[in-house]
Protein chains: 2
Amino acid sequence: MGVERYDAPDAATVAEVVRAALHEGAVVTAEVDCEVEYDGRTSGYLGRGDRLVVAKPDGTLLVHQPTKHKPVNWMPSGGTVVTDVAEAADQPVIVARRSNPRERVEVRVHETYGLTRFDADDAAEYEESGTEAEMHEYIEANPDCLEDGMRIVEHERETKYGFVDFYAVDASGTPVVVEVKRVQATLTHFDQLQRYVSLYREDGAKRGADTDAGDVRGMLVAPSASTRVKRACRDAGLEFVALPDFETDATDVTDATLADFD
Amino acid sequence: MGVERYDAPDAATVAEVVRAALHEGAVVTAEVDCEVEYDGRTSGYLGRGDRLVVAKPDGTLLVHQPTKHKPVNWMPSGGTVVTDVAEAADQPVIVARRSNPRERVEVRVHETYGLTRFDADDAAEYEESGTEAEMHEYIEANPDCLEDGMRIVEHERETKYGFVDFYAVDASGTPVVVEVKRVQATLTHFDQLQRYVSLYREDGAKRGADTDAGDVRGMLVAPSASTRVKRACRDAGLEFVALPDFETDATDVTDATLADFD
DNA sequence: GTGTTTATTTCGGGG
DNA sequence: CCCCGAAGTAAACAC
């Protein structure tokens with residue numbers, strides 16, 4: 001929980017402080033004028049400018065420009081961050097590497113305005129509600145919200161082409177493949193459902209030519225869908241089901257249900 | 001390009017420095033003990049712990065735990081970041097909001113270890129090569145890499161269900177829909193191609209029942225693909241084409257070509 | 001503004 | 001390890 005601050009440190013200090021901090025589990029932030037080079041999945045170069053550099057002890061490296069959410073260059077956790085001093089120019093150089101995929105970020109520092117070592121102590125974990133997983137739980141507990149008489153047969157059913165959110169059966173016994181989305185449905189989601197339904201229809205056709213191979217319903221469940229998606233569903237014989245106002249307070253419903261068992 | 005540093009500032013100082021910095025276009029970083037609340041697309045809560053908070057003048061807010069690439073909480077650019085002091089506890093509170101979607105991040109600061117104002121001057125833009133766009137250029141210039149006798153008819157052809165990377169014709173005059181991926185092909189990519197091909201086949205069927213409506217080839221081009229994807233392609237009558245070792249050094253080729261014109 | 005697609009996506013879960 | 005799909009995806013780009 002301590003912070004150590006270095007103002008306009010020289011190259012050797014930068015290299016040593018960063019090395020020691022990361023080794024000892026501390027986070028380092030630096031305000032620098034630098035240029036950046038990336039080589040790996042693609043390659044790229046960022047000319048000189050003022051940036052915020054963050055290095056974490058898990059190998060994460062972030063280079064932030066003064067705007068935007070995403071770092072302009074980075075390395076995800078799992079790699080290693082090392083610092084060195086380029087002899088010729090007496091400049092600190094921060095290099096982050098990893099293998100799989102093999103990639104490398106090099107930050108050549110021209111000027112270090114400031115450097116901070118932060119021994120952060122954080123045991124908390126983020127808790128979230130309103131996720132798709134919770135939506136699944138809600139549907140599993142209340143299959144009638146999809147359609148009266150619906151019965152869930154299997155959740156996350158594995159097929160040779162991937163996972164189906166729900167495999168269900170409607171009131172008349174017809175199988176229903178259900179794909180659930182927490183956000184407005186897109187063409188990609190339609191694609192997913194289409195893939196699963198095609199599979200079931202093929203399998204149905206194999207089981208027997210006399211049975212109606214198309215006797216499988218596909219259901220895309222989401223709070224909304226664009227016109228294009230609705231049309232695609234209609235054209236492909238799939239159904240879009242608007243699950244209205246699935247609010248994050250669905251947890252309240254679950255809580256109430258659980259309370260009923262007390 | 002200047003940095004101002006505040007050690008263990010009090011709540012009023014934090015609020016004022018953050019306000020002034022963001023208003024004047026500077027980036028602020030703070031090492032704090034805080035709790036965080038998010039409400040918007042989902043909702044969530046993060047209990048007390050030491051974190052690095054970054055606020056940018058474009059409305060970006062980042063809350064970083066000591067590990068991982070992604071911030072545990074954030075607000076993308078475009079919103080507003082305001083600071084205040086909770087009277088009761090004399091704590092700084094940083095709130096980022098935006099509409100569309102309507103969401104809000106609240107950082108309740110229990111202790112501020114350090115605060116930095118960074119007047120960053122950065123005009124550089126990141127330049128990247130080895131992207132999918134370059135892969136497209138390569139294919140357009142060398143269609144034979146897909147298959148001997150292939151001719152590109154159209155690049156980025158628009159359809160009512162989205163864009164097709166290439167619309168081509170093979171040596172025998174059969175149309176080929178081509179979907180190109182820079183990374184290993186996934187089922188999602190297969191889905192995309194499948195959607196386009198279905199469309200072309202439907203259109204073919206509409207044009208004339210006597211012509212073979214299935215007379216369209218679909219080609220998924222990528223450096224590799226999982227077994228599942230290859231099987232899906234085979235089953236759907238689509239082709240997977242491994243475009244071997246398309247390296248980022250394709251830029252070298254370009255450079256050499258450009259040099260030839262000197 | 002919506003709608004769609006890409007991404008050095010990152011991340012987590014399961015086999 | 002790979003494979004797969006979610007994400008508060010963000011960001012670019014077309015309409």
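Order of the sequence lines fixes the chain letters, A, B, ..., with proteins taken first and strands second; residue numbering starts at 1 for each chain.
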Compare side-chain N and O positions of [X] against OP1 and OP2 of [N] and report whether any pair is under 4.0 Å apart.
X      : N     : result
B/Q184 : D/dC3 : yes
B/K181 : C/dA7 : no
A/R182 : D/dG8 : no
B/R231 : D/dC3 : no

Which of the following nucleotides, [options], is nearest to the side chain of [X]?
X      : options              : result
A/S226 : C/dT10, C/dG3, D/dG8 : C/dG3
B/R228 : C/dT8, D/dG5, D/dC3  : D/dC3
A/N100 : D/dC2, C/dT10, C/dT2 : D/dC2
A/T42  : C/dT8, C/dT4, C/dA7  : C/dT8
A/Y126 : C/dT4, D/dG8, D/dA6  : D/dG8

Just to be sure I understand the rule, does [X] reach a base, reach only the sugar-phosphate, or reach nothing, if contact means heavy atoms closer than 4.0 Å?
X      : answer
A/Q192 : sugar-phosphate
B/E103 : base
A/E179 : sugar-phosphate
A/Y196 : sugar-phosphate

Worksheet item: Hey, can you pull the residues of residues 68-76 of chain A with a non-hydrogen atom under 4.0 angstrom from DNA chain D?
Response: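 Hits under 4.0 Å, by residue number: A/K68, A/H69, A/K70.
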Worksheet item: Does the ring center of A/H136 lie less than 6.0 Å from the ring center of A/F166?
Response: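 A/H136 vs A/F166: aromatic centres under 6.0 Å.
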Practice prompt. Without swapping roles, check the side chain of B/Q65 against the backbone of A/A124 for a donor-acceptor pair under 3.5 Å.
Written response: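 Looks like yes, one N/O pair under 3.5 Å.
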Worksheet entry | pair A/V216-A/P175: side-chain heavy atoms closer than 4.5 Å |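 Counting from C-beta outward, A/V216 and A/P175 do come under 4.5 Å.
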Practice prompt. Would you mind reporting whether A/E35 and A/Y45 have side-chain heavy atoms less than 4.5 Å apart?
Written response: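 Yes, close enough: below the 4.5 Å cut-off.
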Fill in: Closest-nucleotide 5' rank along DNA chain D - winner of A/R195 and B/Y38
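Comparing both residues, the 5'-ward one is A/R195.
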Fill in: Identified side chain to side chain contact (heavy atoms under 4.5 Å, CB included) partner of A/V177 from the options A/L238, A/V197, A/L220
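So the option named by the test is A/V197.
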Worksheet item: Is the closest basic N to carboxylate O distance between A/R108 and A/E37 below 4.0 Å?
Response: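 A/E37 and A/R108: salt-bridged.
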Worksheet item: Between B/D33 and B/R48, is there a salt bridge with N-O shorter than 4.0 Å?
Response: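 Salt bridge: yes.
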Discussion item. Roughly how many Å apart are D/dA11 and C/dC11, using the P atom of each and rounding to a whole number?
Written reply: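 About 16 Å, rounded to a whole number of Å.
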